[in-house]
Amino acid sequence: MSTRAAATKLDWSKLISTLGLKGKTASSLQAFKKRNDEARKVVFELSSQKTEVDFSHYKSVLKNQDIVRKIEADFGAFKPVTYDVSKQLNTIEAFKQKALENATATEEVVTKELKELAETLNNIESARAFEELTVEDVVKARPDIDDKVTQVVKKARWEVPGYYDKFGHLIVM
């Protein structure tokens, strides 16, 4: 399949969603697509325009025949200039390299996040119900709670700060 045929059959929105591209990579790809579409439109418009000049019409309309002959001679002698596009190709290659680096970095981040989410999900699924937890289980999971309770008991503070503000006084008297 030729490059041109592949480019016309490419579904850009499906490409972005299928690869799961986000952030800078997706926006760069969308900007590239926009520039590509604009360039295709300009090429199509220019290629559909008439490129022949009817000098006989101008000779019959204009009084100054020397001008028309001079323009016709210059037009016949015109040779298009060829440009070195290696600089633009290098820029495109650098853009491609940067896009690949961004895609690789995005893939690594997503893979890491998926691994962490899988571990979290596994922890949630294997966790015991709250009613089944014991004080020892809580202390084992969070030793700082035991230290804090020991400290409060040593200072003879039997009230939890902010408890009455949150739940109010339950004394009926």
Side-chain angles (χ1 to χ4, degrees), residues 1-52 78-155 157 159-167:
M1 181 181 341
S2 72
T3 305
R4 185 174 295 224
T8 57
K9 293 182 180 181
L10 186 61
D11 185 3
W12 293 90
S13 60
K14 188 174 182 181
L15 175 72
I16 292 171
S17 64
T18 302
L19 295 178
L21 301 178
K22 291 185 172 130
K24 287 171 59 175
T25 307
S27 62
S28 295
L29 189 60
Q30 288 173 340
F32 177 77
K33 179 197 178 300
K34 182 179 178 186
R35 289 192 310 272
N36 182 28
D37 290 344
E38 290 171 357
R40 283 178 184 274
K41 181 180 174 187
V42 168
V43 166
F44 177 75
E45 288 174 357
L46 291 175
S47 64
S48 66
Q49 290 179 356
K50 184 176 167 184
T51 57
E52 298 174 5
F78 175 75
K79 299 284 186 239
V81 178
T82 56
Y83 289 100
D84 182 20
V85 294
S86 61
K87 192 174 187 180
Q88 286 84 358
L89 291 175
N90 289 339
T91 304
I92 291 170
E93 192 61 35
F95 174 79
K96 178 182 171 184
Q97 186 65 29
K98 186 70 174 172
L100 285 173
E101 290 172 8
N102 286 342
T104 304
T106 302
E107 179 186 19
E108 290 172 3
V109 169
V110 167
T111 303
K112 182 181 174 186
E113 288 178 1
L114 285 174
K115 183 180 175 186
E116 290 173 358
L117 287 173
E119 288 176 9
T120 303
L121 182 61
N122 187 27
N123 288 341
I124 290 171
E125 290 173 347
S126 63
R128 289 187 292 174
F130 183 75
E131 296 81 22
E132 296 175 9
L133 288 178
T134 62
V135 173
E136 290 80 20
D137 294 333
V138 174
V139 169
K140 184 178 178 185
R142 296 278 311 270
D144 60 311
I145 292 176
D146 192 37
D147 296 339
K148 196 169 212 170
V149 169
T150 305
Q151 188 180 38
V152 170
V153 170
K154 281 183 183 178
K155 293 181 180 179
R157 291 187 183 159
E159 296 176 358
V160 177
Y163 179 85
Y164 292 120
D165 297 336
K166 190 170 184 178
F167 298 108

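Basis for what follows: all heavy atoms, side chains included, without hydrogens, waters or symmetry-related copies. All figures in this text were calculated on a predicted structure; none of them were measured in a lab.
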Would you say the side chain of Val109 lies within less than 4.5 Å of the side chain of Glu113, judging by non-hydrogen atoms? yes
Shortest non-hydrogen pair, Gln88 vs Asp84, comes out as OE1-O, 3.7 Å
Glu93 side chain reached by Lys96 side chain, heavy atoms, under 4.5 Å: yes
So, for Asp137 and Glu132, which heavy atoms are closest and what is the spacing to 0.1 Å? OD2-O, 4.2 Å
If we only count heavy atoms from C-beta on, is the Lys33 to Gln30 side-chain gap below 4.5 Å? no
Can you check whether Ala118's main-chain N or O pairs, donor with acceptor, with Asn122's side chain at less than 3.5 Å? no
Look up atom CD in Glu136 and atom CG in Asp146, then write down how far apart they are to the nearest 0.5 Å. 10.0 Å
Atom CD of Glu107: over 12 foreign heavy atoms under 6.0 Å: no
If you measure from NZ on Lys24 to NZ on Lys98, what distance do you get to the nearest 0.5 Å? 5.5 Å
Roughly how far apart are Lys87 NZ and Ile92 CD1, rounded to 0.5 Å? 13.5 Å
To the nearest 0.5 Å, what is the distance between CG (Leu121) and CG (Leu114)? 11.5 Å
